Amino acid sequence: MRFILLFGGSSFEHEISIVSAITLKERINKHQLEFVFLDRDRQFYQVDPTQMRSNYFSSGTYKKGRRVELRRGGFFQVGILGNRRKLPG
């Protein structure tokens, strides 16, 4: 079974959520978990587990990553031609 960990958001606890997700990454089997970051502008990004470091988020580097959309049925990666692939979870 795979899970999606959604973290970030636009609340005042934004940074705490990032630190908590980074901590969980170290404690949970990475093969069972997808990471989806919600930035302060309410945009979703799929984050590679190897990039789960605080400076990746504080520098804004995450914006170069893969954007995903929340739709009925889950999170979807949108391709160049508009095709969508559902994230596992």
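In this text, all values refer to a predicted model and were calculated from it rather than measured experimentally. Sequence positions, counted from 1, serve as the residue numbers for this chain.
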Heavy-atom count check: over 12 atoms from other residues, nucleotides or ligands less than 6.0 Å from Arg42 CZ?
no
If you round to the nearest 0.5 Å, how far is CZ of Arg27 from CD1 of Ile22?
12.5 Å
Does the side chain of Phe37 come within less than 4.5 Å of Phe44's, by heavy atoms?
no
Main-chain N/O of Gly73 paired to Lys86 side chain as donor or acceptor, under 3.5 Å:
yes
Do Met52 and Leu5 belong together in a cluster built from hydrophobic side chains that touch within less than 4.5 Å?
yes
Any non-hydrogen side-chain atom of Val47 less than 4.5 Å from a side-chain atom of Val36?
no
Nearest-0.5 Å distance that lies between atom OH in Tyr56 and atom OG1 in Thr61
7.0 Å
Identify, with sequence neighbours excluded, every residue that meets side-chain contact (heavy atoms from CB on, under 4.5 Å) alongside Ser58.
Asn55
When rounded to the nearest 0.5 Å, the distance separating CD of Glu34 from CG of Leu6 is 12.5 Å
Determine the interplanar angle of the Phe7 and Phe57 rings, folded into 0 to 90°, and report it as parallel if under 30°, tilted if 30 to 60°, perpendicular if over 60°.
perpendicular
CZ/Arg53 to CD1/Ile18 distance, rounded to the nearest 0.5 angstrom?
13.5 Å
Taking all non-hydrogen atoms of both residues into account, name the closest pair between Gly8 and Ser17 and its distance.
N-OG, 2.8 Å
Test item: Asp41 side-chain N/O and Gln43 main-chain N/O as donor-acceptor pair under 3.5 Å
no
One should read off an interatomic distance between His14 NE2 and Asp39 CG, to the nearest 0.5 angstrom, of 7.0 Å
When you check the gap from the basic side-chain N to the acidic O, do Arg40 and Glu15 get nearer than 4.0 Å?
yes
Could you state the interatomic distance from CD (Gln51) to OH (Tyr45), rounded to the nearest 0.5 Å?
14.5 Å
For the backbone of Lys64 and the side chain of Arg67, can you confirm whether one donor and one acceptor N or O come within less than 3.5 Å of each other?
no
Between Phe35 and Tyr62, does a ring pair (Phe, Tyr, Trp, His ring centres under 6.0 Å) hold up when you go through it step by step?
CA-CA 12 Å; Phe35 296 93; Tyr62 69 88; over 10 Å; no
If only atom types and distance count, is the side chain of Ser20 paired as donor or acceptor with the main-chain N or O of Ile16 below 3.5 Å?
yes
